[in-house]
Amino acid sequence: MYVFWAALFTAILYYFDYRKNHDISYFTNHSFLAWRTPLGLFVLIYLAIGLLIGGGYYFGIDIGLNKPLPEMVKQFFRDGTEPPVFVQHIVAGSILAYTTRILASSKAIPGYDGTIDGAVESLLKGEHDEKNIEDIRYEGKKNHIQKLLRQYRKNNNQAMDVNILVDRLRTYLKQTGTYNSPENAVLLEGLEKETNVETAFFTLATAGFPKRRLQLLIK
Amino acid sequence: MEASISKNSTALKVLLLKAIYELSNVITDPRLDKDELLIYLKKKYSIPFLKSEESLVELIDNGLIVQSKDGSKVGINEKWQQTDFAQSVLI
């Protein structure tokens with residue numbers, strides 16, 4: 001039951017976050033709703049379980065998880081009047097929700113942008129200087145790009161080249177409706193001039209093209 | 001291969017244009033303070049002023065960005081799609 005309330009409260013907290021920011025990209029980029037990250041996935045599963053238990057509870061199906069608060073917590077209320085189980089659930093749920101939200105949002109880890117890269121980077125920041133982070137980021141990108149290129153070669157029996165990449169990028173941008181924007185024109189123009197496909201991918205990644213979308217271009 | 005933004009002119013130009021969207025409500029009019037843009041890029045991506053400035057000049061030359069008469073404010077050219085640059089890229 002706690003999980004149900006937690007899920008509900010988390011949803012409400014996020015609604016207020018959304019109201020404050022007025023930007024749907026804030027949601028998908030900077031929160032645990034960036035669900036492809038391990039943290040986001042965890043929260044998603046947790047929300048699903050919460051809703052399942054909550055739904056079950058109200059329809060009278062006890063799947064064995066609707067336990068009241070543990071003894072230790074009950075001790076706290078022992079001498080006074082114990083609040084109804086319902087209230088206990090709400091309190092516990094809201095605490096859980098708020099903790100999750102803080103942990104999942106950028107507030108818990110400074111500089112965390114909701115991505116795995118971001119998490120590693122912000123955790124490393126304390127111990128390493130900027131140069132090292134730059135190196136790690138560089139290596140990470142390089143490995144990822146090389147993996148993508150190998151994947152393409154395996155699937156298509158030919159190596160990726162700049163022309164294929166630019167073609168695919170054009171198609172992708174047309175599909176997403178962002179083809180006619182100046183920054184994408186600059187991107188296409190820059191990529192067309194490249195001769196090395198790996199460098200072209202690097203330019204894409206450096207220009208802020210997300211990893212997940214790079215993957216789409218390879219498929 | 002260059003993963004550093006300030007050394008990758010294409011990436012730098014893309015981020016500069018995106019920064020204009022982020023900083024300015026009215027983008028198709030030269031209303032964004034140029035210094036504000038340069039400081040933003042410096043703070044967010046540690047791009048040296050000189051590099052941002054070079055990139056800005058290039059975008060102005062290409063006709064994607066317009067600047068106010070005194071050169072202190074910038075914005076995106078409303079008719080950028082009609083420039084030679086855009087014509088050569090957009091198919």
Side-chain angles (χ1 to χ4, degrees), chain A residues 21-23 25-26 29 111 113 117 129-131 133-146 149 162-163 165-167 169-171 173-174 178-210, chain B residues 1-25 27-28 30 32 37 41-48 51 54-66 74-91:
Chain A
N21 288 286
H22 289 287
D23 179 9
S25 72
Y26 168 84
N29 294 334
D113 60 357
D117 274 2
D129 55 18
E130 291 256 327
K131 185 81 195 84
I133 290 165
E134 195 82 347
D135 286 348
I136 291 162
R137 197 189 283 159
Y138 178 82
E139 280 303 314
K141 272 184 191 154
K142 196 168 122 183
N143 291 340
H144 185 71
I145 289 166
Q146 284 171 348
L149 291 173
V162 178
N163 291 335
L165 175 65
V166 172
D167 269 359
L169 184 65
R170 264 183 216 287
T171 316
L173 294 175
K174 278 176 186 165
T178 51
Y179 186 61
N180 285 334
S181 71
E183 76 273 17
N184 287 332
V186 167
L187 195 59
L188 286 168
E189 193 257 357
L191 292 183
E192 275 175 344
K193 277 196 231 152
E194 299 281 3
T195 46
N196 182 324
V197 69
E198 216 169 303
T199 320
F201 264 101
F202 248 94
T203 301
L204 265 178
T206 312
F209 209 74
Chain B
M1 261 176 296
E2 200 44 76
S4 144
I5 299 164
S6 50
K7 288 180 191 156
N8 188 322
S9 88
T10 303
L12 177 52
K13 278 184 275 182
V14 170
L15 293 175
L16 194 144
L17 285 163
K18 281 187 185 166
I20 295 181
Y21 296 136
E22 256 171 73
L23 295 174
S24 185
N25 293 327
I27 51 167
T28 53
L32 176 65
L37 178 67
L41 289 166
K42 169 88 180 163
K43 271 193 183 158
K44 189 161 182 191
Y45 306 107
S46 334
I47 304 169
K51 288 277 175 192
E54 269 175 30
S55 175
L56 194 60
V57 169
E58 213 178 308
L59 286 166
I60 291 171
D61 288 347
N62 284 336
L64 295 185
I65 285 183
V66 281
V74 290
I76 289 173
N77 182 2
E78 214 173 345
K79 295 182 176 136
W80 73 272
Q81 288 190 28
Q82 292 162 23
T83 59
D84 290 344
F85 175 85
Q87 300 284 331
S88 71
V89 184
L90 302 176
I91 303 168

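Please read all numbers here as calculations on a predicted model, not as lab measurements. So that the names make sense, note that chain A is the first sequence line, chain B the second, and so on, each numbered from 1.
How far CG of A/Leu188 is from CG of B/Leu90: 7.5 Å, rounded to the nearest 0.5 Å. The CG atom of B/Asn8 sits 5.0 Å away from the OG1 atom of A/Thr206 when rounded to the nearest 0.5 Å.
When all heavy atoms are compared, the tightest approach of A/Ala185 to B/Trp80 is CB-CZ3, 3.7 Å.
Contacts between A/Asn180 and chain B at a heavy-atom distance below 4.5 Å involve backbone atoms as well as side-chain atoms. Interface residue A/Tyr179: backbone and side-chain heavy atoms are both found under 4.5 Å from chain B. For B/Ile76, the part sitting under 4.5 Å from any heavy atom of chain A is the side chain, from C-beta outward, and nothing else.
Within a 6.0 Å sphere centred on CG of B/Asp84, heavy atoms belonging to other residues, nucleotides or ligands number 12 at most.
Looking at heavy atoms from C-beta onward, B/Leu64 lies in side-chain contact with A/Val186 at the 4.5 angstrom threshold.
The side chain to side chain donor-acceptor pair (under 3.5 Å) test applied to B/Gln82 returns no partner, not counting sequence neighbours. Residues meeting the side chain to side chain donor-acceptor pair (under 3.5 Å) test with A/Lys193, sequence neighbours left out: A/Glu189. When the side chain to side chain donor-acceptor pair (under 3.5 Å) test is applied to B/Tyr45, no partner is found at least two apart in sequence or on another chain.
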Between A/Leu191 and B/Thr10, is the side chain to side chain contact (heavy atoms under 4.5 Å, CB included) condition met? List the steps. CA-CA 8 Å; A/Leu191 292 183; B/Thr10 303; 5.5 Å; no

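Within residues 13-23 of chain B, the residues having any heavy atom less than 4.5 Å from a heavy atom of chain A are, in residue-number order, B/Lys13, B/Val14, B/Leu15, B/Leu17, B/Lys18, B/Tyr21.
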